[in-house]
Each structure stands twice: as C-alpha cells, then as structure tokens.
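Lettering follows sequence order; numbering is per chain, from 1.
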Amino acid sequence: MRTSNFLLSTLKETPADAEVISHQLMLRAGMIRKVAAGIYNWLPVGLRVLRKVETIVREEMDRAGAQEVLMPTVQPAELWQESGRWEQYGGELLRMQDRHNRDFCLGPTHEEVITSLISNEIRSYKQLPANFYQIQTKFRDERRPRFGVMRAREFIMKDAYSFHLDSESLGQTYDLMFDTYSRIFTRLGLHFRAVEADTGSIGGNASHEFHVLADSGEDAIAVCDKYDYASNVELAEALAVGGPRPSATQSLTKVDTPDQTTIEQVSRFLKLDASNTVKTLLVHGAEGGLVALVLRGDHELNEIKAQKHPLVADPLVWATDDEIKHAVGCAPGSIGVVELSVPVIADRSAANLADFVCGANEDGVHYTGVNWGRDCAEPDVFDLRSVVAGDQCARADGNGEDDQLSITRGIEVGHIFQLGTKYSEAMNATCLDNNGKAVVMPMGCYGIGVSRIVASAIEQNHDSRGILWPDSMAPFQLVITPIGYHKSEAVKSTCDSLYTTMQEHGIEVLLDDRNERPGIMFADADLIGVPHRVVIGDKSLSNGTVEYKYRRNDAAEDVPQNGIVEFLLDRMLKN
RNA sequence: CGGGGUGUAGCGCAGUCUGGUAGCGCAUCUGGUUUGGGACCAGAGGGUCGGGGGUUCGAAUCCCUCCACCCCGACCA
C-alpha cells in the first residue's frame with residue numbers, strides 16, 4: 001500500500017473525550033471514529049488490525065475442529081420468549097419492531113439462535129460433539145459505554161457454542177477451548193492470564209475468563225504465582241484471617257459512642273484497630289424479612305458471594321434505613337449482633353474474632369468485649385468478603401511466605417462457560433443416543449471480544465510516540481520511508497523495487513510516497529505502530545546501505561542495500 | 001437511573017459573567033522557500049456558535065425547553 005492511496009487520518013492532538021490511552025491512540029492513529037456513544041466506524045488502519053485478530057481467532061478455532069457459521073444480528077422475539085430471556089434480559093437488549101409491529105431485538109449473544117438451529121439440524125449422537133462459531137457484530141445497549149471500543153455498544157465478538165451427548169464430552173471440549181484460547185492470546189502477543197470466574201446467573205459447572213493484564217482494566221484479579229492460582233476477585237475464596245478464635249477475656253460492656261457511625265469513626269473513638277470491630281449489614285432475605293451479614297470492620301462485602309447464600313435474596317437488595325429502623329430500632333451506623341432478631345451470617349474472619357466491638361442496636365451506643373456463643377448465638381459462617389492483597393491463597397498450605405495473593409487488574413477478552421442444559425432444555429434441543437432415547441444436549445459457550453482485543457493490545461503496548469503493535473497484529477509489517485522520493489530517482493527506484501519485492505514475499509508493506517518532510521513520516525509510522533521500518537535516502541545509498549529500525553528499539557542500524565530483502569525476511573520470520 | 005460537566009470550523013480551544021453580528025493554534029487548499037524527527041513566508045477556503053422557542057432595536061452571550069456527548073456512581077454478564 002502506498003500512503004498516497006491510503007486514508008492515513010492521523011491526528012496530532014488528542015480528542016478531548018478520550019480517557020484511556022488505547023482510545024486516544026486509536027483516534028490519533030486514524031483507526032476508529034465515533035458515530036454515536038459506543039458506536040464506531042473502523043477506518044482502514046483499524047480494520048486491518050481487526051482483521052489480523054479475526055484471522056488468528058479463525059485459524060485457531062478451525063484448528064480446534066470448530067465449524068464457522070454466520071447468524072443474524074436481528075433476531076425475532078419468539079426465540080427469546082422461548083428461552084425466557086425476553087422478559088429477563090434488561091435494558092441491554094435493544095428491542096425493536098418491524099413494519100408489521102412484530103418484535104425483534106439486536107442480538108447481544110446467540111444462545112437462542114444457535115440452540116434453535118442445532119435442535120433442528122442435529123438428530124443423532126453420531127453427530128456429536130459439535131462446536132459452531134461465528135465472528136459477528138453484537139449489540140448490547142450498555143448503560144455507560146466508555147473507553148472507545150473497549151466497552152462499546154456495538155462490537156465484534158467471536159462466539160462459539162458446543163453441543164454434547166453428556167457432560168464428560170462437554171468437559172473435554174471445554175478443556176480444548178481453554179487451550180485454544182491460550183494459543184490465540186499467545187499468538188496475539190498479549191500478556192494474559194486465565195482466571196477462575198463466577199458463572200453468574202447462567203449457572204453451570206465451570207467458567208474461566210481470559211484477561212489481558214493492564215492497570216486500566218475494569219476487573220480485579222487475585223493472583224498467587226506459587227500455586228498458579230488466578231481468580232476474579234468476584235469469586236476468589238477468602239480464608240479466615242488470624243487463625244482459630246481465641247477464648248473470651250473481656251466482659252460485655254456497653255459504651256456511649258455519640259455520633260460515631262462508621263467503622264473508621266468508632267475504631268478511632270475507642271482507640272482500637274478496625275480489625276477488632278465488626279460491621280453488620282442488613283439485606284433482604286430470600287424468603288422475605290431481613291438477614292444480617294457480618295464482616296470484620298476492615299473487610300469489604302462481596303455481594304456476589306453474599307447472594308449465593310440460601311438465606312440471602314438473589315440479587316442482593318440492601319435494606320433501606322426505614323426497614324432497618326423498623327427491624328432493629330436504630331440507624332444503620334449502630335447495628336450489632338447482640339440480641340439481633342434476624343438471622344446472622346458471619347464472614348469466616350469475623351466469626352474468628354473474640355472480644356470484638358459492634359453496634360448495640362441503639363443509636364450512639366456500641367458494645368465492646370463481644371463474644372460469639374456467649375453474648376449472641378454462634379453465627380452461620382460463610383465466605384462473604386472480597387479478598388485483599390496479602391490474603392493467603394486458598395490453595396496454599398499455609399507454610400510459605402510467597403503464598404499470599406496479590407491483586408492485579410485485567411481486561412476481560414475471553415470467557416468460556418460450561419452452560420449445561422439451560423438453553424437446550426428451554427428450547428428442547430435433544431438428540432437420540434445409541435439406545436434411540438432422546439437426550440437433552442449439554443452445551444458450552446466460548447466468547448472472545450475481538451474488537452476489545454485491539455484496544456487491550458494497545459493498553460499493553462504503547463510508548464510516548466504511539467502504538468507498539470505485536471507483529472501479529474500490526475496493520476503493516478514494514479514501512480518504507482524514503483528521504484527525497486520526489487527528488488531523487490535513485491531513492492525512488494530503490495524504494496519502489498524494495499516495495500515490490502517485499503510484496504511478492506507476502507509482506508504487508510506501506511510505502512510512504514507522500515511529499516512530506518521526514519519528521520511527519522516518522523511520526524505517522526511510529527503512531528500507527530508499524531514494527532519494521534526501512535529508511536532510504538541518497539546519503540545512505542551512496543554508502544551502499546539502507547537504514548533499518550525496529551519500532552521497539554531506540555537505535556537504527558545500517559544494512560547493505562543488496563542484503564536488505566533477506567535481512568528483513570529473516571527479521572520478520574523471527575518475530 | 002442518580003450526580004457533575006461540556007456542546008463555538010475536521011481536531012484542540014478562547015469569547016458567554018458585563019448582549020453590538022465570531023476569533024486563535026493545528027489541519028486543509030494555492031504560490032514560494034525548505035527537506036533525517038510533526039518547517040517557514042504570503043495568501044485562501046471552511047462555522048444556521050447542538051436544536052427549538054422566548055426576551056431585546058440587536059443574542060454564541062440572558063431566559064425556557066429539548067437533544068447529544070463526557071466523567072463519577074449505581075446497575076449488569
């Protein structure tokens with residue numbers, strides 16, 4: 001490609017509404033342009049990168065024996081009513097009507113369509129297992145789209161759905177997809193991590209998310225390298241801190257704590273560490289009424305864990321101040337476990353405390369020296385809190401120094417699920433087993449955020465001048481920057497010749513044949529992140545050399561003109 | 001959905017408080033001088049000041065209303 005014939009819409013200044021570096025650089029490099037909130041045009045530079053990602057994903061899915069299909073973006077309501085999600089799915093499902101007032105939606109995901117399709121196409125166990133994928137546009141009407149294509153409303157996703165005779169087969173395909181995803185993200189040159197994930201409302205046995213590690217990531221991940229453990233903080237098991245519960249040494253004492261409502265205020269007022277206090281949070285119970293969730297003062301409630309407790313309403317609903325007043329007789333800042341009239345669920349660490357502080361269910365009053373079993377009933381013990389850095393890894397034997405969790409941030413670019421029969425049952429997707437008996441097919445589903453990968457790769461690979469694409473994702477592998485293309489016949493013919501030769505070798509090469517100053521050409525090439533650059537000018541040609549520079553290196557090197565093709569091919573194959 | 005903010009040329013912004021008919025830098029176009037890290041000189045084009053309504057002799061500016069976009073939060077797979 002010659003720049004004279006290519007839309008290189010680079011910007012010198014950063015558009016004001018771009019917050020994260022990937023969004024800024026994608027706009028500056030002329031990869032994307034906003035059409036509406038969370039909806040983008042992909043310009044030639046951006047699309048070339050997107051296609052690179054798609055190609056790698058496609059190659060690896062094909063390699064894993066998955067079959068590519070293409071399903072529609074617009075889906076009839078009937079399918080969603082059949083699965084029950086027409087009512088369940090919230091505002092993210094963009095609904096619309098056609099000219100006959102029939103209901104449709106823009107597909108945010110394709111379980112319904114694929115299950116309906118396959119239930120008609122697959123009849124026999126002999127056709128199983130089968131895995132179908134597509135790379136297609138999804139629409140989710142996010143409440144708050146942000147960060148460019150990172151969290152867009154319209155985006156490109158690779159979604160795959162597998163069908164099985166039994167859960168063992170599902171497990172095998174799940175493992176295969178796990179490996180396939182690892183290969184994909186490795187080939188893309190990303191620094192990633194597979195993490196255990198919550199199965200959410202879909203349920204099922206197993207789920208892993210694949211995260212590109214980046215400080216700007218929206219997810220927190222708990223990691224322990226010693227045990228090769230990584231889990232979304234939403235899920236990561238929190239062990240009790242501080243060993244078995246000591247025996248009581250203090251007596252129950254009521255103390256006045258006027259206007260002290262937060263843990264911070266109370267612990268400062270009583271000159272105690274927050275870890276000697278508990279906080280009592282009231283939420284709606286699964287069967288109505290309220291339930292108390294008790295955590296150590298310095299710990300945070302994990303709502304996802306809490307709503308898994310059978311006594312807790314799912315989804316979790318906080319008690320209002322009025323409900324608390326009515327049930328306990330005080331404001332939220334003074335709730336405690338002594339003589340509390342609602343069921344008490346305590347986090348493991350809170351349950352291990354002795355002689356602790358809690359509210360007295362009376363405004364402005366707290367208890368000190370509280371002990372479980374003596375001053376109140378033994379609580380129902382449950383893992384309620386989010387892990388924090390320094391917590392012991394749940395896999396650890398407890399003897400090592402390096403078995404502590406650290407917290408890192410990630411961008412979710414892949415998610416694999418064992419769905420089970422949720423959709424196949426709702427939509428009656430069965431096949432006949434070898435006894436001629438109809439079996440509801442267990443399913444797996446496997447997603448990759450293709451457009452999100454592009455942004456997350458930039459989050460991980462950039463410098464002050466622009467993008468540092470991994471070679472596998474670069475819009476061009478090589479840029480030829482002439483010095484004096486329009487003045488020197490030698491420069492022009494050398495550049496043209498190298499350009500043609502490299503193209504014949506299948507290299508995607510950009511020849512900057514604009515009549516611009518070198519600084520502009522260098523700046524653009526660096527901005528869009530072409531990994532390999534050759535500069536050709538009269539000065540070096542007179543020495544029989546051309547200049548080569550790798551985008552990630554500071555220094556350039558002179559290469560003999562007659563060996564440049566082999567040199568470049570060697571460099572590109574190496575990467 | 002709650003809170004906050006911003007809408008003026010393709011991009012970045014000033015002008016709004018204190019009403020007088022729109023400006024700067026970059027980008028674009030023309031001519032010239034330049035040419036190894038975002039040049040210089042001269043000239044040119046480009047804006048119903050987010051939309052609608054109102055006040056006024058006169059509105060980018062004041063008032064009402066709608067919309068869009070961004071940020072924080074809540075929510076959500």
Identify which nucleotide among [options] has an atom closest to any side-chain atom of [X], counting heavy atoms from C-beta outward.
{"X": "A:R517", "options": "B:C13, B:G38, B:A39", "result": "B:A39"}
{"X": "A:K12", "options": "B:G36, B:G25, B:A27", "result": "B:A27"}
{"X": "A:K34", "options": "B:C70, B:U35, B:G12", "result": "B:C70"}
{"X": "A:I520", "options": "B:G12, B:C76, B:G38", "result": "B:G38"}

Looking for any heavy atom pair under 4.0 Å, which part of the strands does [X] touch: base, sugar-phosphate only, or nothing?
{"X": "A:E218", "answer": "nothing"}
{"X": "A:R140", "answer": "nothing"}
{"X": "A:R33", "answer": "nothing"}

*Cation over ring face, A:R48 and A:F476, 6.0 Å, 45°*: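 Yes; both conditions hold, so A:R48 lies above the ring face of A:F476.
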*Lys NZ or Arg CZ of A:R95 over A:W86 ring: under 6.0 Å, within 45°*: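 Judged by the rule (NZ or CZ under 6.0 Å from the ring centre, within 45° of its axis), A:R95 counts as positioned above A:W86.
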_Aromatic plane relationship, A:F417 with A:H415 - under 30° parallel, 30 to 60° tilted, over 60° perpendicular_ =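 Correct class here is parallel.
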In whole angstrom, what separates [X]'s [atom1] from [N]'s [atom2]?
{"X": "A:Y89", "N": "B:A77", "atom1": "OH", "atom2": "P", "value": "8 Å"}
{"X": "A:R514", "N": "B:A27", "atom1": "CZ", "atom2": "P", "value": "13 Å"}
{"X": "A:R146", "N": "B:A74", "atom1": "CZ", "atom2": "C1'", "value": "11 Å"}
{"X": "A:M150", "N": "B:C71", "atom1": "CE", "atom2": "C1'", "value": "16 Å"}
{"X": "A:E516", "N": "B:U34", "atom1": "CD", "atom2": "P", "value": "17 Å"}
{"X": "A:M31", "N": "B:C11", "atom1": "CE", "atom2": "P", "value": "19 Å"}
{"X": "A:E142", "N": "B:C70", "atom1": "CD", "atom2": "P", "value": "13 Å"}
{"X": "A:K487", "N": "B:U34", "atom1": "NZ", "atom2": "P", "value": "8 Å"}

_Taking the ring centre of each residue, are A:Y161 and A:F132 less than 6.0 Å apart?_
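No: the rings miss the under 6.0 Å criterion.
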Now, which nucleotide makes the Watson-Crick or G-U wobble pair with [N], with each of the two distances under 3.5 Å?
{"N": "B:G43", "value": "B:C29"}
{"N": "B:G7", "value": "B:C67"}
{"N": "B:G23", "value": "B:C13"}
{"N": "B:C49", "value": "none"}
{"N": "B:G36", "value": "none"}
{"N": "B:U55", "value": "none"}

Run the salt-bridge test on [X] and [Y] with the 4.0 Å N-O cut-off and return the result as yes or no.
{"X": "A:K492", "Y": "A:D496", "answer": "yes"}
{"X": "A:R551", "Y": "A:D463", "answer": "yes"}
{"X": "A:R409", "Y": "A:E459", "answer": "no"}

Rounded distance in Å between the [atom1] positions of [N] and [M]:
{"N": "B:A68", "M": "B:A74", "atom1": "C1'", "answer": "22 Å"}
{"N": "B:A22", "M": "B:G46", "atom1": "C1'", "answer": "14 Å"}
{"N": "B:U21", "M": "B:A60", "atom1": "C1'", "answer": "10 Å"}
{"N": "B:U56", "M": "B:A9", "atom1": "P", "answer": "30 Å"}
{"N": "B:C69", "M": "B:C11", "atom1": "P", "answer": "15 Å"}
{"N": "B:U55", "M": "B:U65", "atom1": "C1'", "answer": "15 Å"}
{"N": "B:C63", "M": "B:U16", "atom1": "P", "answer": "14 Å"}
{"N": "B:G32", "M": "B:G36", "atom1": "C1'", "answer": "23 Å"}

*Would you kindly compare A:I536 and A:G38 by the position of their nearest RNA chain B nucleotide and give the one closer to the 5′ end?*
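It is A:I536 whose nearest nucleotide is closer to the 5' end.
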*Taking the nucleotide of RNA chain B with the closest heavy atom to each, which residue, A:T14 or A:I483, is nearer the 5' end?*
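First, find each residue's nearest nucleotide; the 5'-ward one identifies A:T14.
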Between the base of [N] and the side chain of [X], is there a donor and acceptor pair under 3.5 angstrom?
{"X": "A:Q88", "N": "B:A77", "result": "no"}
{"X": "A:R533", "N": "B:G37", "result": "yes"}
{"X": "A:E234", "N": "B:A77", "result": "yes"}
{"X": "A:E547", "N": "B:G36", "result": "yes"}

*asked:* If you compare every side-chain N and O of A:R143 against the phosphate oxygens of B:C1 (OP1, OP2), does one of them come in below 4.0 Å?
replied: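 Answer is no, no contact under 4.0 Å.
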_Taking salt bridge (charged side-chain N to carboxylate O under 4.0 Å, His left out) as the criterion, tell me which of A:E412, A:E92, A:E218, A:E19 meets it with A:R151._
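Between A:R151 and the candidates, salt bridge (charged side-chain N to carboxylate O under 4.0 Å, His left out) is satisfied uniquely by A:E218.
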